[in-house]
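Worksheet for the structure shown next.
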Amino acid sequence: MAVSADVGNGKGLITIDLSNCNLAHSASLIRQACLDGGFFYVINHGIRQELFEELFDRSRTFFQLPLEEKMKVLKNKDFKGYTPLMDQMLDPSKQSTGDCKEGYYIGFEVAKDDPHATKRFFGPNVWPSADKLPGWKQTMEKYYQEALGVGRRVARLIALSLNLEADFFDKPEILEEPIAILRLLHYVDEISKPELGIYGAGAHSDFGLLTLLVTDEVSGLQICKNKDAEPQIWEDVHPLRGAFIVNVGDMLERWTNGIFRSTLHRVLLFGQERYSVRQKTTSHGHSRE
């Protein structure tokens, strides 16, 4: 399966090339993106396309399991595990049903004797049976670590864009020991009807510092740069092959006193299944579901 096809020209979103040695130029581009809409593409990040393919193959295999199998790994108190279809409603003021998606949370694991072991989000992950899905856990753990590394590199450019030292976010309480939550998402082949309150994912902004998203070839993500406008103007963000779609979270907007934007976004469905994987990264004490 193609992980993300270039179905749009990406007009309106800045592209950050992590292979570019001119860090000042990349930091300037990120600053421009964060001042404008808080969304940008990241390319040449070092994650192999084969790992993306494997990630999406494993994700699809899980979501194709019978519901009774998926319910065996239901989300626990540490927000690890499966969330059923329509379990989440991100915009209750406008939605008549839950989001037309199901998901699977994976987070950072620490040893049982680690001081963080009893803290929220740091408990053990919930894994499907290796007999049912051999190799599934290993793929998710590998991708989790590689995406976390990309997030750290992007955060260093953000630090430079704020005229800070590049390692500003590399503190134990921020990104050295972050709360990073990976979520596999499967949107069903529904057709969204905003006038009836039916969405793939209702309008929301993301908590935390950064979100890294990779999708299949099916479009649906939309952003609204001015949430207070009447009517709201929604712009499509199309998949770009091999690229991450990165966006600023609420915590970074707050830390910059509103200079950088945590932008409202949603997902509309057009009768096709859609798969995506997102990783949200935040710091200790700045997390919510």
Side-chain angles (χ1 to χ4, degrees), residues 1-5 45-88 99-112 114 116-117 120-152 178-189 200-201 211-218 220 239 241-245 267 272-281 289:
M1 182 186 96
V3 170
S4 51
H45 39 66
I47 297 182
R48 296 178 299 107
Q49 190 71 14
E50 291 79 7
L51 181 55
F52 283 136
E53 298 283 352
E54 183 179 328
L55 174 71
F56 275 79
D57 286 344
R58 301 285 196 193
S59 176
R60 189 192 304 107
T61 300
F62 171 78
F63 287 119
Q64 289 176 347
L65 290 174
L67 180 59
E68 57 266 28
E69 286 295 329
K70 293 183 283 190
M71 293 299 287
K72 292 177 182 178
V73 287
L74 194 64
K75 182 181 70 175
N76 63 17
K77 64 180 178 60
D78 290 313
F79 294 94
K80 313 286 183 67
Y82 174 66
T83 54
L85 184 67
M86 297 191 179
D87 179 72
Q88 192 172 35
D99 296 345
C100 297
K101 70 178 191 297
E102 53 184 342
Y104 198 100
Y105 286 101
I106 298 167
F108 188 70
E109 285 187 313
V110 296
K112 291 181 180 180
D114 189 284
H116 295 308
R120 194 182 189 194
F121 300 111
F122 283 91
N125 282 306
V126 179
W127 298 109
S129 166
D131 293 334
K132 292 281 186 181
L133 298 177
W136 200 90
K137 174 184 176 182
Q138 290 76 14
T139 297
M140 298 304 157
E141 290 180 328
K142 179 175 178 58
Y143 178 78
Y144 180 96
Q145 290 299 330
E146 293 203 18
L148 187 58
V150 174
R152 288 191 173 107
I179 297 173
I181 303 168
L182 181 70
R183 194 178 187 194
L184 313 177
L185 292 167
H186 169 226
Y187 296 86
V188 296
D189 54 352
T211 298
L212 274 66
L213 175 75
V214 61
T215 82
D216 63 13
E217 69 277 8
V218 180
R241 180 174 175 78
F244 281 105
I245 299 169
V267 174
Q272 288 180 278
E273 284 185 295
R274 181 177 184 269
Y275 289 85
S276 66
V277 180
R278 65 108 173 106
Q279 185 155 307
K280 292 182 181 179
T281 302
E289 183 182 1

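When all heavy atoms are compared, the tightest approach of L212 to G151 is CD2-N, 3.9 Å. I47 and A147 make their closest contact through CD1-N, 3.9 Å (heavy atoms, listed as atom of the first residue, atom of the second, distance). In plain terms, the two heavy atoms of M86 and C100 that are nearest each other are CE-SG, 4.0 Å.
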*In sequence, state the C-alpha distance, the side-chain angles, and the governing distance for Y143 and L51, and then conclude on side chain to side chain contact (heavy atoms under 4.5 Å, CB included).*
CA-CA 7 Å; Y143 178 78; L51 181 55; 4.3 Å; yes

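Within the 4.5 Å cutoff, side-chain heavy atoms of R241 are placed close to those of Q49. Residues L182 and Y105 fail the side-chain proximity criterion, which asks for heavy atoms closer than 4.5 Å. For the pair P84 and K70, the minimum side-chain heavy-atom distance is 4.5 Å or more. The closest side-chain heavy-atom distance from K72 to E69 is below 4.5 Å. Side-chain atoms of E109 and P124, non-hydrogen and from C-beta on, do get closer than 4.5 Å to each other. For the pair H45/V150, a side-chain contact is recorded, criterion being any heavy-atom separation below 4.5 Å from C-beta on. The closest side-chain heavy-atom distance from L184 to M140 is below 4.5 Å. Side-chain contact between V188 and L85 is present, with at least one heavy-atom pair separated by less than 4.5 Å.
Rounding to the nearest 0.5 Å places CZ of F52 at 10.5 Å from OG1 of T215. Between the CG atom in D216 and the CZ atom in R60 there is a gap of 8.5 Å [rounded to 0.5 Å]. Atom CD of E141 and atom CD1 of I106 lie 8.5 Å apart (nearest 0.5 Å). The CZ atom of R58 sits 4.0 Å away from the OG1 atom of T139 when rounded to the nearest 0.5 Å. Within the model, atoms OH of Y82 and CG of L67 stand 5.5 Å from one another, a figure rounded to the nearest 0.5 Å. From S59, atom OG reaches atom CD of Q64 across 9.5 Å, with rounding to the nearest 0.5 Å.
Of the possible donor and acceptor atoms, one in the side chain of Y144 sits under 3.5 Å from a partner among the backbone N and O of F108. Between the side chain of R274 and the main chain of V218, a donor-acceptor pair closer than 3.5 Å is present. With hydrogens and angles disregarded, no donor-acceptor distance shorter than 3.5 Å links the side chain of D78 to the backbone of K80. Using modelled atom types, no side-chain atom of T211 and backbone atom of K280 make a donor-acceptor pair closer than 3.5 Å. In terms of modelled atom types and a separation under 3.5 Å, the side chain of R278 and the main chain of I181 share a donor-acceptor contact.
Under the side chain to side chain contact (heavy atoms under 4.5 Å, CB included) test applied with Q279, the options L213, V214, L148 reduce to a single match, L148.
The side chain to side chain donor-acceptor pair (under 3.5 Å) check on S276 picks up nothing, with sequence neighbours excluded. Residues satisfying the side chain to side chain donor-acceptor pair (under 3.5 Å) test with K142, not counting sequence neighbours, are E146.
Applying the side-chain hydrogen bond (donor to acceptor under 3.5 Å, both in side chains) test to every pair with at least one member in residues 123-136, sequence neighbours left out, gives no pairs at all.
With ring centers used as reference points, Y104 lies 6.0 Å or more from F63.
Note on D99 versus K101: salt bridge recorded, some NZ/NE/NH1/NH2 to OD/OE distance being below 4.0 Å.
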